[in-house]
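Take a look at the structure set out below.
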Amino acid sequence: DGASIGGRASIGYGASIGARASIGDDASIGDGASIGYGASIGARASIGDGASIGDGASIGDGASIGGRASIGYGASIGYGASIGARASIG
């Protein structure tokens, strides 16, 4: 029931990773970021400081989510997408 964290993934200070979340290889999770229950973060994805990823959301490989951005419950962000700081999706 715990989270799955890939090889060489970087988890910032104070980041919160929900149960059953999946963090891909070489992904980067910023300081104070929040990853919800069952969320999926792809390989080489970058989640900015203070960003919030909702339960069940999916972030594609190589995607970049800016600091303090909010990705809602069940939202899907595609491969290589770039979401700006403080953006709100879903």
Residues joined to Y13 in its hydrophobic cluster, side chain to side chain under 4.5 Å directly or through other members, sorted by chain and number, are none

Besides I89, the hydrophobic cluster formed by Ile, Leu, Val, Met, Phe, Trp and Tyr side chains linked at under 4.5 Å, directly or via other members, contains I5, I11, I17, I23, I29, I35, I41, I47, I53, I59, I65, I71, I77, I83

Can you give me the closest heavy-atom contact between [X] and [Y], atom names plus distance?
{"X": "G54", "Y": "A39", "answer": "O-CB, 3.7 Å"}
{"X": "G18", "Y": "A3", "answer": "O-CB, 3.7 Å"}
{"X": "G24", "Y": "A9", "answer": "O-CB, 3.9 Å"}
{"X": "G66", "Y": "A51", "answer": "O-CB, 3.8 Å"}

Quick note, salt bridge (Lys or Arg N to Asp or Glu O under 4.0 Å) partners involving residues 28-43, not counting sequence neighbours, are none

side-chain contact (heavy atoms from CB on, under 4.5 Å) filter on R86, not counting sequence neighbours, yields R68

